[in-house]
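Down below is the structure, laid out as structure tokens.
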Amino acid sequence: AQTVTQSQPEMSVQEAETVTLSCTYDTSESDYYLFWYKQPPSRQMILVIRQEAYKQQNATENRFSVNFQKAAKSFSLKISDSQLGDAAMYFCAINSGGYQKVTFGTGTKLQVIP
Amino acid sequence: KAGVTQTPRYLIKTRGQQVTLSCSPISGHRSVSWYQQTPGQGLQFLFEYFSETQRNKGNFPGRFSGRQFSNSRSEMNVSTLELGDSALYLCASSLQGRGADTQYFGPGTRLTVL
């Protein structure tokens, strides 16, 4: 079984500032993949960033980066230079095992203040 | 390349009726997954299809079923609708449906059960 916990239902950040969204997970598998998805008000879910558990290096995608702490089972998302377009629900997700059966967290609603 | 498409986008049904939702994956993608999204339960995995075979199933009653066609298009059926089935149903496709594969989501079908 795999679980994902996002303890911050809502967060806000000033435009151009940095914000970190928290996520913890649990899985009994040694091979797994972690994801952050963004769901803007239009509802189309978009992949923000992904991390392979076997890679020690933290993934980065432009202004988005993760802090992957495997021993602590923590996978936080850092958004630098926040923009108005970053306002959305952010979901942390895990997929462990061979096939896709993704488990999502409950989401964090991010508000960006101009 | 066209994205994942879902039809219809909105649907209103009454209790006891049956509904069929359709999902067309990205060209070349052979795996299709379905998710139910509700404010109370969040995003929950329904099932995943690959090459016309259901490979994984979430914890949903038998009223929820699906199928995949030879062109990878997928349909999801809910019979004997209940009020609690009101939700956004998301479809996602990936190349092979492996744990490492990135899922691409469609815009969803908003189902309202009256």
Side-chain angles (χ1 to χ4, degrees), chain A residues 1-10 21 23 25 27-55 59 61 64 66 68 75 88-109, chain B residues 2-6 9-10 23 25-26 29-51 53-60 66 68 72 74 87-111:
Chain A
Q2 53 190 24
T3 61
V4 176
T5 302
Q6 292 180 253
S7 59
Q8 306 154 316
E10 293 188 30
L21 309 183
C23 171
Y25 64 91
T27 178
S28 56
E29 301 282 344
S30 57
D31 182 23
Y32 55 92
Y33 302 85
L34 296 163
F35 308 88
W36 277 99
Y37 281 92
K38 168 185 176 181
Q39 190 178 39
S42 67
R43 297 289 184 176
Q44 190 102 25
M45 192 88 74
I46 305 165
L47 178 68
V48 175
I49 198 166
R50 54 175 280 157
Q51 174 82 41
E52 290 83 355
Y54 62 85
K55 288 187 178 179
E61 285 288 341
F64 299 88
V66 298
F68 175 45
F75 182 61
M89 282 290 288
Y90 286 82
F91 293 95
C92 179
I94 186 172
N95 196 28
S96 49
Y99 300 126
Q100 289 198 330
K101 189 175 182 181
V102 181
T103 297
F104 287 84
T106 51
T108 296
K109 184 177 182 179
Chain B
V4 178
T5 58
Q6 291 186 246
R9 292 293 310 277
Y10 301 90
C23 171
I26 291 172
H29 286 194
R30 297 171 63 191
S31 169
V32 173
S33 297
W34 288 89
Y35 297 87
Q36 182 195 64
Q37 186 175 22
T38 60
Q41 299 297 319
L43 274 153
Q44 292 185 286
F45 172 80
L46 279 155
F47 29 64
E48 185 251 353
Y49 284 88
F50 178 80
S51 290
T53 300
Q54 185 184 91
R55 288 196 303 196
N56 267 314
K57 191 177 191 305
N59 295 324
F60 279 83
Q68 187 180 35
S72 295
S74 177
L88 182 68
Y89 290 89
L90 294 170
C91 157
S93 75
S94 67
L95 276 169
Q96 300 287 336
R98 297 167 303 186
D101 291 350
T102 295
Q103 289 189 307
Y104 296 86
F105 284 81
T109 294
R110 169 73 63 187
L111 172 64

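Letters A, B, ... mirror the listed sequences (proteins, then strands); counts begin at 1.
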> Given the options Ser94(B), Gly42(B), Ser33(B), Pro107(B), which has more heavy-atom pairs under 4.5 Å with chain A than any of the others?
Replying inline: Pro107(B)
> More than 12 non-hydrogen atoms from neighbouring residues, nucleotides or ligands closer than 6.0 Å to NZ on Lys57(B), yes or no?
Replying inline: yes
> Which residue out of Gly106(B), Ser31(B), Gly108(B) racks up the most heavy-atom pairs below 4.5 Å with chain A?
Replying inline: Gly106(B)
> Any idea which heavy atoms bring Val102(A) and Phe45(B) closest together, and the distance?
Replying inline: O-CB, 3.9 Å
> Can you list every pair that meets salt bridge (charged side-chain N to carboxylate O under 4.0 Å, His left out) and has a residue in residues 27-37 of chain A, with sequence neighbours left out?
Replying inline: none
> Can you find a pair of side-chain heavy atoms, one from Gln39(A) and one from Leu88(B), that are under 4.5 Å apart?
Replying inline: yes
> Which heavy atom of Gly58(B) sits nearest a heavy atom of Lys101(A), and at what distance?
Replying inline: CA-CE, 4.5 Å
>> At under 4.5 Å between heavy atoms, what parts of residues 95-105 of chain B are in contact with chain A? List them by residue number.
In response: Gly97(B), Arg98(B), Gly99(B), Ala100(B), Asp101(B), Thr102(B), Gln103(B), Phe105(B)
> Side chain, backbone, both or neither: which part of Tyr32(A) has an atom under 4.5 Å from a heavy atom of chain B?
Replying inline: neither
> Do you know which of Arg55(B), Arg110(B), Glu48(B) has the most heavy-atom pairs with chain A at a distance under 4.5 angstrom?
Replying inline: Arg55(B)
